[in-house]
Protein chains: 2
Amino acid sequence: MSRFQDIFLDIESDILNQQYKAGELLPSENKLSEKYNVSRETIRKALTLLLESGYIQKKQGKGSIVLDIKRFDFPISGLTSYKELQDSQNINSETLLIKNQIETISEQIASFLNVSKETEVHALIRARKVDGETVILDKDYLLTSVIPVLPDNEAKKSLYNFIEKEMGLIIGYARKEFVVEPATQEDREYMTLHGDTHVVVTRSEVHLEDTTLFQYTESRHRLDKFRFVEFARRRPPMDYS
Amino acid sequence: MSRFQDIFLDIESDILNQQYKAGELLPSENKLSEKYNVSRETIRKALTLLLESGYIQKKQGKGSIVLDIKRFDFPISGLTSYKELQDSQNINSETLLIKNQIETISEQIASFLNVSKETEVHALIRARKVDGETVILDKDYLLTSVIPVLPDNEAKKSLYNFIEKEMGLIIGYARKEFVVEPATQEDREYMTLHGDTHVVVTRSEVHLEDTTLFQYTESRHRLDKFRFVEFARRRPPMDYS
DNA sequence: TAGTGGTCTAGACCACTTG
DNA sequence: AAGTGGTCTAGACCACTAA
């Protein structure tokens with residue numbers, strides 16, 4: 001772990017523990033570089049991480065202000081998986097493995113991913129049950145060229161844990177899309193919809209660090225169980241002149 | 001404008017113009033620092049911006065790979081306003097100003113924003129019409145302590161343009177939430193809902209650069225007209241030990 | 001082994017805020 | 001005027017990739 005990441009984690013925990021309170025200023029960059037015995041640029045890299053995570057706001061000539069973080073936010077953003085969320089939020093829930101078999105990819109998904117439709121994938125369907133009701137249906141397609149085998153018991157637990165810890169692969173980035181669509185026959189079959197006509201659909205195409213595409217995911221949420229929160233910084237509009 | 005931002009824009013336009021093609025490597029950081037006559041760290045700051053915008057993926061020992069950007073994505077992310085989106089996407093649309101008056105804030109919003117309910121705001125309602133149908137209803141509340149006057153003709157154009165260009169204020173960051181909720185009486189009154197029972201609601205609390213809260217926004221979208229796209233990089237899950 | 005990106009330094013100058 | 005963050009440098013060493 002690099003020094004600036006350690007410092008980021010250290011300051012983060014100081015903010016979470018209220019050692020540094022919301023509305024107050026952090027020590028100046030010079031003070032922090034003395035405290036941690038590193039150069040100022042290294043401190044600045046740590047502060048950049050805090051800035052991007054929404055912990056602080058910097059102001060030239062003034063200092064770094066600690067922001068008021070609302071802890072109960074639901075950060076789907078930043079590629080965090082369902083299992084990780086569950087662990088961090090203590091949701092009383094259960095996963096049902098409905099399907100886990102090898103198939104060739106469907107026409108529709110092949111065109112979305114821009115790959116040949118002879119591509120072989122693990123096709124996975126999992127239902128997420130909360131308080132006895134199935135409120136999320138996850139459909140995953142993982143390229144067998146990257147993930148040769150996918151045991152049922154791993155699929156039922158955390159996919160990302162299996163991929164990263166067991167397979168040693170490193171996930172890089174994803175493009176995600178959120179839309180609302182009419183519920184399908186399949187949605188009605190597996191989910192507890194109470195007569196809802198629509199579901200929220202999030203589609204992602206996930207790539208490894210070396211840019212290899214390896215997963216397509218469709219996550220279908222019951223309307224009342226979907227919530228997405230993000231922290232956004234202003235970026236000046238593009239100049240389309 | 002700082003040097004690294006100039007370089008970011010320059011390389012960005014080279015990627016968009018296909019001078020650097022998707023799948024290829026950018027010149028190395030050393031080459032780029034010669035080309036632009038700056039130090040390597042300055043090049044690295046420019047590349048960090050490209051990385052965060054989803055233009056490139058870096059790999060140690062290898063280089064910086066240009067990613068395949070899909071241009072028709074709809075970047076609500078990053079605090080871009082409706083008017084700016086419209087400009088950049090050529091949507092055939094029109095804005096109706098339904099309300100623009102000064103009020104004291106409602107109980108509900110006061111508690112959401114954590115301010116006193118005697119706070120005075122400009123209460124603003126605007127309908128966004130596309131191809132003759134009202135598909136978005138924007139409700140804005142701007143603190144009069146920050147924005148003393150808000151002319152109708154400015155409200156009808158771009159709020160952000162007025163705030164940034166006319167008032168000289170700098171917008172800093174926002175916390176945004178996306179949920180699906182039952183349509184209200186007001187939604188049915190102003191929007192063309194075709195019998196939909198729900199709408200997508202995005203709520204934001206927007207702060208200035210100096211952390212002053214100045215705006216609360218609720219944007220209500222017809223289900224079939226809502227789409228949100230984001231580019232996300234993997235961040236290891238928090239350690240809640 | 002040569003070339004790449006990842007990290008870090010010690011110092012410099014600038015722009016901005018506050019007294 | 002003193003202190004803050006914003007930018008930039010020239011050089012160093014490390015970890016990784018590919019030939």
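Here is the naming used below: chain letters follow the sequence lines, and residue numbers restart at 1 for every chain. It should be emphasised that the depicted structure is a prediction, and the values quoted were computed from it without experimental measurement.
- Atom pair A:L26:CG and D:dG5:C1' shows a separation of 12 Å (rounding to whole Å applied).
- When distances are taken from the side chain of A:E29 to each of D:dC8, D:dT9, D:dG5, the shortest belongs to D:dG5.
- Separating the CG atom of B:L32 from the P atom of D:dT9 is a distance of 14 Å, rounded to the nearest angstrom.
- A straight line from NZ of A:K45 to P of D:dG5 spans 17 Å, rounded to a whole angstrom.
- Between the side chains of A:T217 and A:Q215, at least one donor N or O lies within less than 3.5 Å of an accepting N or O.
- If you take CG of A:D6 and C1' of C:dG6, they are 15 Å apart, rounded to a whole angstrom.
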Once base and sugar-phosphate atoms are separated, protein heavy atoms under 4.0 Å mark nucleotides 12-19 of chain D, 5' to 3', with B, S and - as B--BBSS-
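- A:I136 and A:S219 get closest at one heavy-atom pair: CG2-OG, 3.7 Å.
- The interatomic distance linking A:F4 (CZ) with C:dC8 (C1') rounds to 10 Å, in whole Å.
- Qualifying salt bridge (Lys or Arg N to Asp or Glu O under 4.0 Å) partners for A:E24, counting only residues two or more places apart in sequence or in other chains: none.
- In the displayed structure, A:K31 atom NZ is contacted under 6.0 Å by at most 12 heavy atoms of other residues, nucleotides or ligands.
- Candidate nucleotides D:dC8, C:dG5, D:dG6 were compared by shortest atom distance to the side chain of A:R44, and D:dG6 ranks first.
- Side-chain N/O atoms of B:S28 include one lying less than 4.0 angstrom from OP1 or OP2 on C:dT4.
- Contact check, A:K58 against D:dG6: a side-chain N or O comes under 4.0 Å of OP1 or OP2.
- Contact between B:T42 and B:F4 at its shortest, heavy atoms only, is O-CB, 3.6 Å.
- To the nearest angstrom, C1' of C:dA2 lies 12 Å from NZ of B:K31.
- In this structure A:F231 satisfies the ring-ring contact (aromatic ring centres under 6.0 Å, His included) test together with B:Y173, sequence neighbours excluded.
- Considering only side-chain N and O atoms, B:S2 lies under 4.0 angstrom from the phosphate OP1 or OP2 of D:dT7.
- A pairwise comparison of heavy atoms in B:Y216 and B:R203 identifies OH-CD, 3.4 Å as the closest pair.
- Taking only side-chain nitrogens and oxygens, B:T42 comes nearer than 4.0 Å to OP1 or OP2 of D:dT9.
- Atom-to-atom, CD of B:Q57 to P of C:dT4 comes out at 18 Å; the value is rounded to the nearest Å.
- Whole-Å rounding puts the B:I43 CD1 to D:dC8 C1' distance at 12 Å.
- Remark on DNA chain C: of its neighbouring residues B:P27 and B:E41, the 5'-side contact belongs to B:P27, judged by nearest-heavy-atom nucleotide.
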